[in-house]
Chemist: 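Pasting in a structure now, in structure tokens, and then I'll have a few things to ask.
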Protein chains: 2
Amino acid sequence: MAIHKKEAFTQKEQDLAAFAKAMAHPARIAILKVLAQRNECICGEIVDILPLAQSTVSQHLKELKTAGLIDGSIDGPRSCYCINWKAFEKFMGEFSFLFNKLKVQNEKACC
Amino acid sequence: MAIHKKEAFTQKEQDLAAFAKAMAHPARIAILKVLAQRNECICGEIVDILPLAQSTVSQHLKELKTAGLIDGSIDGPRSCYCINWKAFEKFMGEFSFLFNKLKVQNEKACC
DNA sequence: ATTTTATATCGCAAATATACGATTAGAGGA
DNA sequence: TCCTCTAATCGTATATTTGCGATATAAAAT
């Protein structure tokens with residue numbers, strides 16, 4: 001294939017896919033869970049909780065941040081992360097719109 | 001790395017990640033959209049709509065089916081697919097549970 | 001100034017995913 | 001029976017992801 005054809009799809013389709021992709025790994029789900037549970041933002045605590053090396057966790061955090069699912073700020077020698085609730089609401093809303101809305105008229109089984 | 005450490009996470013984390021992964025590609029989002037829009041179940045129409053080769057579309061359909069997001073049945077010489085609304089509700093519910101529930105108590109900004 | 005502590009980044013190896021053409025399989029129709 | 005149409009699967013090239021150790025960076029502590 002050589003070429004990934006993401007460009008051939010609509011921006012909204014790409015955005016939804018990117019959002020899903022950011023959550024498409026159990027480690028990142030686990031990170032989001034930790035961030036959601038603790039009111040304050042965590043950094044290296046995540047490394048202690050997850051069964052992964054520090055560098056790997058850092059990489060997952062970077063992906064989540066790039067995707068916009070979490071925010072991060074430097075706090076002295078350590079980094080602080082937290083969930084970007086706005087982004088979450090936006091995407092969850094789009095998923096709901098895309099599928100829940102259509103569900104109503106389609107409820108009956110096909111095939 | 002050689003080893004994917006999925007096993008090191010909880011079943012629920014793995015399930016959510018697998019669900020997200022199934023939607024982590026714009027082509028699959030587009031397929032789900034088509035299936036959601038048409039009341040009856042489609043097969044090769046998807047190939048006409050998407051800018052991808054038949055074999056590629058078939059592969060995406062297989063992934064969606066394996067992940068449980070769609071159902072498929074053979075109808076003579078052609079295949080018929082439709083969205084598995086039950087699975088959708090289940091996963092959307094889990095996402096909402098995981099994040100919306102926690103949002104309430106965390107609304108304030110951190111970092 | 002040196003050492004510790006906390007993170008990010010680099011480089012690499014292995015696993016997966018993406019895409020397509022070619023081939024296969026099965027149902028209908030000529 | 002032979003051909004056609006639809007869809008799945010195989011083989012393969014390339015791209016991306018995952019994971020870790022090693023290294024770099026930067027603030028705090030000694």
Side-chain angles (χ1 to χ4, degrees), chain A residues 1-9 13-14 17-31 34-35 40-67 70-82 111, chain B residues 1-9 13-14 17-31 34-35 40-67 70-82 111:
Chain A
M1 49 107 207
I3 298 156
H4 275 216
K5 291 202 159 178
K6 286 177 188 167
E7 324 75 34
F9 297 92
E13 283 163 352
Q14 290 181 53
F19 174 76
K21 192 175 186 178
M23 303 206 294
H25 194 287
R28 292 196 288 273
I29 294 283
I31 289 173
V34 171
L35 290 180
E40 100 245 23
C41 308
I42 329 283
C43 55
E45 291 181 271
I46 298 169
V47 175
D48 295 333
I49 293 169
L50 299 203
L52 296 171
Q54 178 266 323
S55 59
T56 307
V57 172
S58 191
Q59 214 172 306
H60 281 305
L61 284 166
K62 191 183 178 185
E63 279 173 74
L64 286 169
K65 194 175 175 187
T66 300
I70 64 176
D71 288 321
S73 64
I74 300 164
D75 172 21
R78 69 208 76 201
S79 281
C80 170
Y81 289 100
C82 59
C111 299
Chain B
M1 49 110 207
I3 297 157
H4 275 218
K5 291 202 160 178
K6 286 176 188 167
E7 324 76 32
F9 298 91
E13 284 162 352
Q14 289 182 55
F19 173 77
K21 191 176 186 178
M23 303 207 295
H25 194 286
R28 292 197 288 273
I29 294 282
I31 289 174
V34 172
L35 290 181
E40 100 246 22
C41 308
I42 329 283
C43 55
E45 291 181 270
I46 299 168
V47 175
D48 295 334
I49 294 169
L50 298 203
L52 296 171
Q54 179 266 321
S55 58
T56 306
V57 171
S58 192
Q59 212 173 308
H60 282 305
L61 283 167
K62 191 183 177 184
E63 279 172 74
L64 285 169
K65 194 174 174 188
T66 301
I70 64 176
D71 287 321
S73 64
I74 299 164
D75 172 23
R78 70 209 74 203
S79 281
C80 170
Y81 289 100
C82 60
C111 302

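In the text below, chain A, chain B and the rest are named by the order of the sequence lines, each starting its count at 1.
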Chemist: Can you tell me the distance, in whole Å, between the CD atom of A/Q59 and the P atom of D/dA24?
Modeler: 18 Å

Chemist: Whole Å only: how far is the NZ atom of A/K62 from the P atom of D/dT25?
Modeler: 15 Å

Chemist: Can you measure B/L61 atom CG to C/dA19 atom P for me and round it to whole angstrom units?
Modeler: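 Answer to the nearest Å: 13 Å.
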
Chemist: Can you check whether B/K21 has a side-chain N or O nearer than 4.0 Å to OP1 or OP2 of C/dA17?
Modeler: yes

Chemist: Tell me: CG of B/L64 to P of D/dA8, nearest whole Å?
Modeler: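 Distance check: B/L64 CG to D/dA8 P gives 12 Å.
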
Chemist: Could you measure the distance from the CG atom of A/L35 to the CD1 atom of A/I70? Nearest 0.5 Å is fine.
Modeler: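 CD1 of A/I70 is found 6.0 Å from CG of A/L35.
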
Chemist: Under 4.0 Å, heavy atoms only, any strand: does A/K6 hit a base, just the sugar-phosphate, or nothing?
Modeler: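 No contact.
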
Chemist: How close or far is atom P of C/dG28 from atom CG of B/D75, stated in whole angstroms?
Modeler: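 From B/D75 CG to C/dG28 P: 9 Å.
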
Chemist: Measure NE2/B/H25 against P/C/dT16 and give the value in whole Å, please.
Modeler: 18 Å

Chemist: Find the distance between CG (A/L52) and CD1 (A/I31) and round it off to the nearest 0.5 Å.
Modeler: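 Taking CG in A/L52 and CD1 in A/I31, the distance rounds to 8.0 Å.
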
Chemist: A/H60 side chain N/O closer than 4.0 Å to the phosphate oxygens (OP1, OP2) of D/dT17?
Modeler: no

Chemist: According to side chain to side chain donor-acceptor pair (under 3.5 Å), who are the partners of A/Q54, at least two apart in sequence or on a separate chain?
Modeler: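 Once residues adjacent in sequence are excluded, A/Q54 has no partner under the side chain to side chain donor-acceptor pair (under 3.5 Å) criterion.
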
Chemist: Table please: side-chain donor-acceptor pairs of residues 22-30 of chain B below 3.5 Å, with sequence neighbours left out.
Modeler:
{"unit_1": "B/H25", "atom_1": "ND1", "unit_2": "B/A27", "atom_2": "N", "d": "3.0"}
{"unit_1": "B/R28", "atom_1": "NE", "unit_2": "B/A22", "atom_2": "O", "d": "2.7"}
{"unit_1": "B/R28", "atom_1": "NH1", "unit_2": "B/H60", "atom_2": "ND1", "d": "2.9"}
{"unit_1": "B/R28", "atom_1": "NH1", "unit_2": "B/E63", "atom_2": "OE1", "d": "3.2"}
{"unit_1": "B/R28", "atom_1": "NH2", "unit_2": "B/K21", "atom_2": "O", "d": "3.2"}

Chemist: Taking CD from A/E63 and C1' from C/dT9, how many angstroms apart are they, rounded to a whole number?
Modeler: 14 Å

Chemist: Quick one: B/I46 CD1 to C/dA19 P, roughly how many Å, whole number?
Modeler: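 About 15 Å, once rounded to whole Å.
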
Chemist: When rounded to the nearest 0.5 angstrom, what distance separates SG in A/C82 from CD1 in A/I42?
Modeler: 10.0 Å

Chemist: Counting the atoms with a prime plus P, OP1 and OP2 as sugar-phosphate, which does B/I74 contact under 4.0 Å by heavy atoms, base, sugar-phosphate, or nothing?
Modeler: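 The residue B/I74 makes no contact with any strand.
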
Chemist: Look for any protein N or O under 3.5 Å of an N or O in nucleotides 2-7 of chain C and output each such pair with its distance, or none.
Modeler:
{"unit_1": "C/dT7", "atom_1": "OP1", "unit_2": "A/G44", "atom_2": "N", "d": "3.2"}
{"unit_1": "C/dT7", "atom_1": "OP2", "unit_2": "A/G44", "atom_2": "N", "d": "3.2"}
{"unit_1": "C/dT7", "atom_1": "O3'", "unit_2": "A/S79", "atom_2": "OG", "d": "3.2"}

Chemist: Quick check on DNA chain D: between A/S55 and B/T56, whose nearest nucleotide comes earlier from the 5' end?
Modeler: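 Result of the comparison: B/T56.
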
